[in-house]
S.K.: 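After the structure tokens below, expect a handful of questions from me.
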Amino acid sequence: MPGDEASAQSPHPPQLPQLPHPPQSPQPALARAERFVWLTARVLEQRRFAFHFLGGDADPVDTALGSYLNPDGGYGHALDPDLRGPLSQPLHTAHALRVLDSLGRCAGQRIERLCRHLTGVSTSEGALPVVFPSPRDYPAAPYHPVQDDPPGELLTTGPVVGLLHRNRVWHAWLFRATDFCWDRVENLHRTHPYEVQSAVAFLDGVPDRARAATAADRLGRLVREQRLVVLDPRRRTDFPPAPGYAPGEQLFPHDFARRPESLARGWFTDEEMRRSLDFLAAAQQQDGGWPVRREAWAPGSSLERRPIATLEALLTLRAYGRLPAQVSRPGPVPPR
């Protein structure tokens with residue numbers, strides 16, 4: 001999506017300057033990010049920031065997430081900023097599960113209702129499409145086209161199945177959905193970075209760890225062979241965006257291995273990971289937030305996605321020891 005890069009076919013691609021060194025003290029990065037979140041974020045991201053970095057409680061996050069919950073057990077109302085309107089959509093489900101997983105609350109009757117919802121909206125293969133058609137033309141990002149009879153996709157099914165398995169959820173819906181994901185992951189030949197991210201989310205959560213490790217090893221070789229990851233941020237022009245992606249919409253090692261325990265971490269050397277994390281730390285912008293490299297298609301979507309990207313960047317940096325493991329000051333004081 002955003003940014004303009006020289007073609008990888010240029011005979012003498014320009015060399016990008018050396019990356020700036022990340023700040024010596026992590027606190028300014030957190031303080032700047034906090035100000036950015038209070039200035040721009042939705043209530044959900046504000047409360048998530050307070051929970052993860054200011055010692056806040058999980059209940060306010062849960063309450064904020066509940067405002068996106070629909071009577072059918074799914075999530076809507078632009079929880080994922082790329083899909084506007086009230087309808088439950090799989091991308092919203094995946095987003096909600098990531099939030100619940102981070103709270104340790106991916107269980108109970110809410111998840112039972114969600115799985116019943118997924119059973120009712122799955123394709124004949126037992127999988128989830130990217131976008132369900134609806135009676136009304138609610139706005140959606142142009143890279144998520146609405147189809148009358150959409151097929152099941154690993155892009156949406158993988159993260160949902162992986163997170164449910166990670167939290168030891170057992171439901172009849174998972175049997176066919178898991179088989180669908182195994183078939184897609186083990187037979188991937190031509191793919192793109194976001195589909196690989198979804199495959200990793202599935203493999204990191206699925207119970208059969210030996211099979212997952214074998215599949216991840218093959219997938220990692222494919223990612224490197226097809227140059228789907230920017231291994232050196234100083235030479236971004238050597239790794240052109242995937243077809244259909246916006247200029248500059250590239251993924252880096254930290255985008256696949258968001259935590260050190262991810263199977264995708266084994267795809268990269270220590271030096272490649274260090275460069276990637278240095279690049280991520282240095283990408284914090286003047287206003288304290290991190291950029292979004294997807295196509296900017298609507299003002300509201302762009303505004304809402306940057307705090308999400310900022311939270312993801314901070315959580316990844318902390319997972320790799322680039323930010324304090326413990327909160328350094330009290331959380332926000334609740335009003336009287």
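Side chains are part of it too, since the values below use all heavy atoms of this structure and drop only hydrogens, waters and symmetry mates.
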S.K.: What distance separates Thr40 OG1 from Arg305 CZ, expressed to the nearest 0.5 Å?
M.R.: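 The distance works out to 13.5 Å.
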S.K.: Considering residues, nucleotides and ligands other than Asp149, do more than 12 of their heavy atoms fall under 6.0 Å from its CG?
M.R.: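 No.
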S.K.: Between Trp38 and Trp290, is there shared hydrophobic-cluster membership here, with clusters defined by ILVMFWY side-chain heavy atoms closer than 4.5 Å?
M.R.: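 Both belong to a single hydrophobic cluster.
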S.K.: Would you say Thr156's side chain and Pro129's backbone share a donor-acceptor pair under 3.5 angstrom?
M.R.: yes
S.K.: Applying side chain to side chain contact (heavy atoms under 4.5 Å, CB included) between Val223 and each of Val200, Val196, Leu251, report the one that passes.
M.R.: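 Of all the options given, the one that passes is Val196.
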S.K.: Quick check: does any side chain N or O of Arg218 sit under 3.5 Å from a backbone N or O of Leu188, one acting as donor and the other as acceptor?
M.R.: yes
S.K.: Run the side chain to side chain contact (heavy atoms under 4.5 Å, CB included) check on Phe268 and Ser276 step by step: do they pass?
M.R.: CA-CA 10 Å; Phe268 310 111; Ser276 183; over 6 Å; no
S.K.: Just how far is it from atom CG of Leu277 to atom OH of Tyr320, taken to the nearest 0.5 Å?
M.R.: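 Going from CG on Leu277 over to OH on Tyr320, the span is 6.5 Å.
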S.K.: Can any side-chain N or O of Arg32 pair as donor or acceptor with the backbone N or O of Gln285 at less than 3.5 Å?
M.R.: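 A pair under 3.5 Å: yes.
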S.K.: Are any side-chain N or O atoms of Glu272 and backbone N or O atoms of Pro253, one a donor and one an acceptor, separated by less than 3.5 Å?
M.R.: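 No; zero donor-acceptor contacts below 3.5 Å.
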S.K.: Below 30° counts as parallel, above 60° as perpendicular, anything between as tilted: where do the rings of Phe252 and His254 land?
M.R.: parallel
S.K.: Between the side chain of Asn167 and the main-chain N/O of Leu163, is any donor-acceptor distance below 3.5 Å?
M.R.: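 Checked: pair present.
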S.K.: Going only through I, L, V, M, F, W and Y residues with side-chain contacts under 4.5 Å, is there a path from Leu44 to Leu83?
M.R.: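 In one cluster: yes.
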S.K.: For the pair Gln250 (side chain) and Arg236 (backbone), establish whether a donor and an acceptor sit closer than 3.5 Å, ignoring hydrogens and angles.
M.R.: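 Side chain of Gln250 to backbone of Arg236, a donor-acceptor pair under 3.5 Å: yes, one is there.
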S.K.: Counting only N and O atoms by type, is there a donor-acceptor contact under 3.5 Å from the side chain of Arg275 to the main-chain atoms of Leu231?
M.R.: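 Present.
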S.K.: Is Asp204 salt-bridged to Arg258, going by a charged N under 4.0 Å from an acidic O?
M.R.: no
S.K.: For the pair Arg221 (side chain) and Ala216 (backbone), establish whether a donor and an acceptor sit closer than 3.5 Å, ignoring hydrogens and angles.
M.R.: no
S.K.: Any ion pair linking Glu195 and Arg184 (charged N to carboxylate O, less than 4.0 Å)?
M.R.: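 No, this pair does not count.
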S.K.: So Tyr194 and Tyr245, would you call those rings parallel, tilted or perpendicular, with 30° and 60° as cut-offs?
M.R.: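 Taking Tyr245 first and then Tyr194, their aromatic rings lie parallel (interplane angle under 30°).
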S.K.: Take atom CD of Glu271 as the centre, draw a 6.0 Å sphere, and report whether it contains more than 12 heavy atoms from other residues, nucleotides or ligands.
M.R.: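 More than 12 heavy atoms, drawn from other residues, nucleotides or ligands, come within 6.0 Å of this atom.
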S.K.: Between Leu65 and Ile111, is there a shared hydrophobic cluster once you connect ILVMFWY residues whose side-chain heavy atoms come closer than 4.5 Å?
M.R.: yes
S.K.: Which pair of heavy atoms, one from His165 and one from Thr178, lies closest together, and at what distance?
M.R.: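 Heavy-atom minimum between the residues: NE2-OG1, 2.9 Å.
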S.K.: Quick one: pull up CG in Leu114 and CG in Asp72 and give me the separation to the nearest 0.5 Å.
M.R.: 9.5 Å
S.K.: Can Arg84 be said to sit on top of Tyr138's aromatic six-ring, NZ or CZ under 6.0 Å from centre and within 45° of the ring axis?
M.R.: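 Geometry flag: not set, cation outside 6.0 Å or 45°.
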S.K.: Quick check: are there more than 12 heavy atoms from other residues, nucleotides or ligands sitting under 6.0 Å from CD of Gln109?
M.R.: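 Atom CD in Gln109 is not packed in, count stays at 12 or less.
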S.K.: Salt bridge check: are Asp270 and Arg274 linked by an N-O gap of less than 4.0 Å?
M.R.: no
S.K.: Is the shortest heavy-atom distance from the side chain of Leu54 to the side chain of Phe49 under 4.5 Å?
M.R.: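 A side-chain contact exists here, since the closest heavy-atom pair is under 4.5 Å.
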S.K.: Nearest 0.5 Å, what's the SG-CZ distance between Cys106 and Arg166?
M.R.: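 If I round to the nearest 0.5 Å, the distance is 9.5 Å.
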S.K.: Mind running ring-ring contact (aromatic ring centres under 6.0 Å, His included) on Trp182 and Phe202 for me, showing each step along the way?
M.R.: CA-CA 9 Å; Trp182 276 127; Phe202 168 71; 5.0 Å; yes
S.K.: Are Leu100 and Leu174 linked, directly or through intermediate hydrophobic residues, by side-chain heavy-atom contacts shorter than 4.5 Å (ILVMFWY only)?
M.R.: yes
S.K.: Supply the atom-to-atom distance Tyr68 OH to Arg42 CZ, rounded to the nearest 0.5 angstrom.
M.R.: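 These two atoms lie 3.5 Å from each other.
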S.K.: Nearest 0.5 Å please: distance from the CG atom of Asp82 over to the CD atom of Gln89.
M.R.: 11.5 Å
S.K.: Assigning hydrophobic clusters by single linkage (Ile, Leu, Val, Met, Phe, Trp, Tyr; side-chain heavy-atom cutoff under 4.5 Å), is Val121 placed with Leu155?
M.R.: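 Yes; Leu155 is reachable from Val121 via cluster members.
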S.K.: So which atom in Ala127 and which in Thr157 form the shortest heavy-atom distance, rounded to 0.1 Å?
M.R.: CB-OG1, 3.6 Å
S.K.: Under a 3.5 Å distance rule, please check whether Arg105 uses its side chain to pair with a backbone N or O of Ser102 as donor and acceptor.
M.R.: no
S.K.: Between Asn187 (side chain only) and Asp183 (backbone N and O only), is there a donor and an acceptor less than 3.5 Å apart?
M.R.: yes
S.K.: Do you know which of Leu315, Thr310, Ile308, Leu314 makes side chain to side chain contact (heavy atoms under 4.5 Å, CB included) with Glu312?
M.R.: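 Checked Leu315, Thr310, Ile308, Leu314 against Glu312; only one passes side chain to side chain contact (heavy atoms under 4.5 Å, CB included): Ile308.
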